[in-house]
Visitor: 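Okay, handing you the structure first.
Remember, predicted model here, so these are calculated numbers, not experimental data.
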Amino acid sequence: MTDETTNPLRVEISKAISENPVLLFMKGTPEQPACGFSARTVAILQSLGRPFAAVDVLPDPRIRQELSAVSNWPTIPQLFVDGELVGGCDIVTEMYQSGELQQVLGAEAEAAEPPAEQPQTAQAPPISIENRL
């Protein structure tokens, strides 16, 4: 038996990654990030206007431990797109600045400044998934 079949938490993490096209494992929630790196990553994703799911790793330390085992990435936040790890805050920031993140998310059109007449609240809120991990 593999770790994935004997560890229900790891199975749930893998399931969340595969079921959500854009998934951010973070400290806190998009509405209330609990660290600067998570806040910066959320701000970048929200600026692109693409919905994303988020999982708060703080309620259960095992989530962070098992996530690192699944992704082979030690730090939080971790952004997954189409089941693949994109990276943490620094990589997401660099990709955003170069325009590569917009391409990965299929958000090239939204990379430009949003129209001034569109209020900030008109953006779709991030898709929050229940923290079932």
Visitor: Going from CD1 on Ile17 to NZ on Lys15, what distance comes out if it is rounded to the nearest 0.5 angstrom?
Guide: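 Nearest 0.5 Å value for the CD1-NZ distance: 13.0 Å.
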Visitor: Do Lys27 and Pro33 touch side chain to side chain, with heavy atoms closer than 4.5 Å?
Guide: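 No, every pair of side-chain atoms sits at 4.5 Å or beyond.
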Visitor: Would you call Leu24 and Val55 a side-chain contact if the rule is heavy atoms closer than 4.5 Å?
Guide: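 SC-SC contact between Leu24 and Val55 ruled out.
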Visitor: Hydrophobic clusters here meaning ILVMFWY residues chained together by side-chain heavy-atom distances under 4.5 Å, can you tell me if Phe52 and Val81 are in one?
Guide: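 Yes, Phe52 and Val81 fall within the same hydrophobic cluster.
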Visitor: Keeping the roles fixed (side chain from Asp56, backbone from Leu58), state whether a donor-acceptor pair exists under 3.5 Å.
Guide: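 Answer holds: yes.
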Visitor: State whether the side chain of Arg50 and the backbone N or O of Gln102 hold a donor-acceptor pair below 3.5 Å, judged by distance alone.
Guide: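 Between the backbone of Gln102 and the side chain of Arg50 there is no qualifying donor-acceptor contact (under 3.5 Å).
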Visitor: Is the shortest heavy-atom distance from the side chain of Met26 to the side chain of Thr41 under 4.5 Å?
Guide: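 Contact flag for Met26/Thr41 side chains = no.
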Visitor: Provide the closest heavy-atom pair for Gly87 versus Val92 in the form atom of the first, atom of the second, distance.
Guide: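 Shortest heavy-atom separation between Gly87 and Val92 comes out as O-CG2, 4.0 Å.
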Visitor: Among residues at least two apart in sequence or on other chains, which ones pass side-chain hydrogen bond (donor to acceptor under 3.5 Å, both in side chains) with Ser71?
Guide: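 Here the qualifying residues are Gln78.
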Visitor: With heavy-atom distances below 4.5 Å as the criterion, would you say the side chains of Ser14 and Val70 are in contact?
Guide: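 The answer is yes, as the side chains (C-beta and beyond) meet within the 4.5 Å cut-off.
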Visitor: Does some side-chain heavy atom of Leu45 sit less than 4.5 Å from a side-chain heavy atom of Leu105?
Guide: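 Side-chain contact under 4.5 Å: yes.
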Visitor: Counting distance only, does the side-chain N/O of Ser68 pair as donor-acceptor with the main-chain N or O of Gln65 below 3.5 Å?
Guide: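 The answer is no, because no donor-acceptor pair under 3.5 Å joins these two groups.
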Visitor: Rounded at 0.5 Å granularity, tell me how far CG in Leu9 sits from CG in Asp60.
Guide: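 Taking CG in Leu9 and CG in Asp60, the distance rounds to 6.5 Å.
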Visitor: Quick one: does Asn7's side chain have a donor or acceptor within less than 3.5 Å of a partner on Arg10's backbone?
Guide: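 Yes, because the side chain of Asn7 sits within donor-acceptor range (under 3.5 Å) of the backbone of Arg10.
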Visitor: Nearest 0.5 Å, please: how far is CD1 in Ile76 from SG in Cys35?
Guide: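 Between Cys35 SG and Ile76 CD1, I get 9.0 Å after rounding to 0.5 Å.
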Visitor: Can you hop from Tyr96 to Phe37 via hydrophobic side chains spaced under 4.5 Å?
Guide: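 Shared cluster, no.
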Visitor: Check whether any side-chain heavy atom of Met95 lies under 4.5 Å from a side-chain heavy atom of Val104, and answer yes or no.
Guide: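 Contact flag for Met95/Val104 side chains = yes.
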Visitor: Please examine the side chains of Leu79 and Phe25, heavy atoms only from C-beta on, and report whether any two atoms are closer than 4.5 Å.
Guide: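 A side-chain contact is absent here, since even the closest heavy-atom pair is not under 4.5 Å.
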Visitor: Please examine the side chains of Leu67 and Phe80, heavy atoms only from C-beta on, and report whether any two atoms are closer than 4.5 Å.
Guide: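 Yes; the side chains approach each other to less than 4.5 Å.
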